Participant: 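Let me begin by handing over the structure; questions about it come next.
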Amino acid sequence: MHKVWALIRSNWLAASSYKLGFIFSFGSLILSVIPIFFITRALQTTMADVIRGQGDQYFAFLVVGLISLNVVSSTVYALPGGLQTATSTGTLEALLATPTSVTALLLGLSGYEVLFTVLRSAVMLVAAAAMGARVEWHQLGASLPIVALIVVAHLPIAIITAAMVLAFRTRGPLAQLVLMASTFLGGVYYPTTVTGIPAPIKAISAFIPLTYGLTALRAVLLEGNSITTVWRELSILSAFTVVALIASAIGFRAALRYARKVGNLAQY
Amino acid sequence: MTAIASTVAFAPSASTSTNAVVLEGLTKSFTKQRGWRAAVSRKARESVRALSDVSVDIRSGEFFGLLGENGAGKTTLFKMLATLVTPDAGTATVSGFDILKSPNRVREVLAPVIADERSLHWRLSARENMRLFASLHDLRGAEATRRIDELLSLVNLVDAADRLVSGFSSGMKQRLLVARTLLARPSVLLLDEPTRSLDPISARSFRRFLREDVALAQGCTVLLATHNAEEAFELCDRVGVLHRGNLVAVGQTSELARAVGEDRFALWIRPADQSAIDALIGRGVIRDAKAFGDAEEGWSRIECDLRGGLDGAAEAIAFLAKAGVSVGRCEPVKLSLADLLERVLARHVDA
């Protein structure tokens, strides 16, 4: 674990050496809450019935959706992105030549990006709360394992995309497809139960991990329900995570073997 | 081993426990995939042999040079030893650990000095770069701090330790790369053209550092891939010559130079009688003659291979004297690495 932290720490030091960019990344986030506030306020009456039982306030509903989407996006892209950066900067070869397990390397290369996104999400939530978003703060601790599960559930997508980068030097379409499906059918902007969407398209949302994660997160963080009330969503998400992690680990090992065979493991 | 190796009185390779690196029949081919047809059809793909049945033993504490033109297979061999590329056939062990069966143990004892400066984290200080790799090599706490200070002092970077690497000169980066590699106290070090981006003076001082502070003081076995003759002759106990993936010669640098270069002489003659030179060529006494014009006071310098070494030189001098050509000086010529390699490869092709 200390190797993962060492990599995360070095990525943090490198990122914070660009001081202006570091400050802007927080500033832009806080500013982005302002238009969301005004748009959701205008749509509150229209959306009130649709989001009933999921916080009832469209501003808080959307902020939690966008925060979760940011976390998912960061998770699925941090790993392949970290791998691509390490390849193009030439550090990957040096890292691979150390007695560090591939799992530790992958977690270390992507960990900073994910943790930073979670931190930025917290800042966005505080900014939204300051503008009137109704958040059940006493449930913050209970919502953290849900956020962690959302991250872990999307790791397999990241691992498969990283495997594509390793073997073929391209991310492939999977991450983008998952992200697009999560954005429009995972309950970010409106609940997946909304009427009017054709049944076959609506059915897709049952296969999107974010659907379950968001339902659970809103129930706990916006409704103030206990985490035990969302056991069904969390069980489905956990089952998906276990199966997908095993499959992606097998895929990644195969990609690693292939890259070592063709000799492009650390090639730009 | 190929014919050329057997013609040279090379040091015998002993498969004993004192061998740091043992390669046996190491073979690797890469698929050359160009164009869409090759992407979809296996038949359209071309295979390129990067290494072919390479076998050599490298003794503990030895400084071993790997020579060869671009594309000879040096980097592929290094990447295999660093467990970044898997061989198609053959085996390799490093300090007794098989690169395929125990890659993690190999990475504990072998460290490649990746000469590419980009492999450093430029937005971190030298000390932070060292701290990261110390952790990756399981060095922590006070022990890590002590080792980092010791190595930064060794490579003369103490004063710059807390500066961002992006502001370092090439020489400083190269020294930091070596320091980073030495963190794990490796028993085998791979150096791939370590001085290629250094000016001649920095390169010389860097070579001294490699020989005295790395190989001798740290007791490392060093494998060095280089194009630089001075570097190979100054540093290496033995060299191996790779040509198109084949290890065509292995031996001590002095033996190699003697084996393929001892018949090269320079003669100072006056007058420059071309017909006498042609006659010597015709009699097979000299070959590959090159004239260098007036050297001093009418003397011309001729560089040539003399059949039979010193006996051949005596025969040539006697013949020239009879033809009325004075020989003012006759001395052996030290070959450049390029000439040496050319000769080794020519003999390999002949064989």
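Only this structure's heavy atoms are used, side chains among them; waters, hydrogens and symmetry mates stay out. As the structure is a computational prediction, the values presented were derived from the model and not from experiment.
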Participant: Examine whether an atom of B:Leu120 lies under 4.5 Å from a heavy atom of chain A, and if so say whether it belongs to the side chain, the backbone or both; otherwise answer neither.
Facilitator: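 Contact with chain A involves the backbone of B:Leu120 alone.
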Participant: Pick whichever of A:Arg257, A:Lys3, A:Lys261 has the most heavy-atom pairs under 4.5 Å with chain B.
Facilitator: A:Lys3
Participant: Over 60° means perpendicular and under 30° means parallel, so tell me whether A:Phe116 and A:Phe26 are parallel, tilted or perpendicular.
Facilitator: perpendicular
Participant: With respect to chain A, which residue among B:Asp138, B:Leu124, B:Leu136 yields the maximal number of heavy-atom pairs within a distance under 4.5 Å?
Facilitator: B:Leu136
Participant: Sort A:Leu256 into side chain, backbone, both or neither according to what part of it lies under 4.5 angstrom from a heavy atom of chain B.
Facilitator: neither
Participant: Taking C-beta and beyond as the side chain, do B:Gln174 and B:Leu177 meet within less than 4.5 Å on heavy atoms?
Facilitator: yes
Participant: Report yes if the side chains of B:Thr75 and B:Asp192 come closer than 4.5 Å at any heavy-atom pair, otherwise no.
Facilitator: yes
Participant: Begin from the C-alpha positions of B:Thr86 and A:Arg260 and carry the test side chain to side chain donor-acceptor pair (under 3.5 Å) through to its verdict.
Facilitator: CA-CA 6 Å; B:Thr86 48; A:Arg260 283 202 164 106; over 6 Å; no
Participant: Flag the one option from B:Arg140, B:Glu108, B:His121, B:His137 with the top tally of heavy-atom pairs under 4.5 Å to chain A.
Facilitator: B:Arg140
Participant: Quick check: are there more than 12 heavy atoms from other residues, nucleotides or ligands sitting under 6.0 Å from CG of B:Asp159?
Facilitator: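 12 or below, so no.
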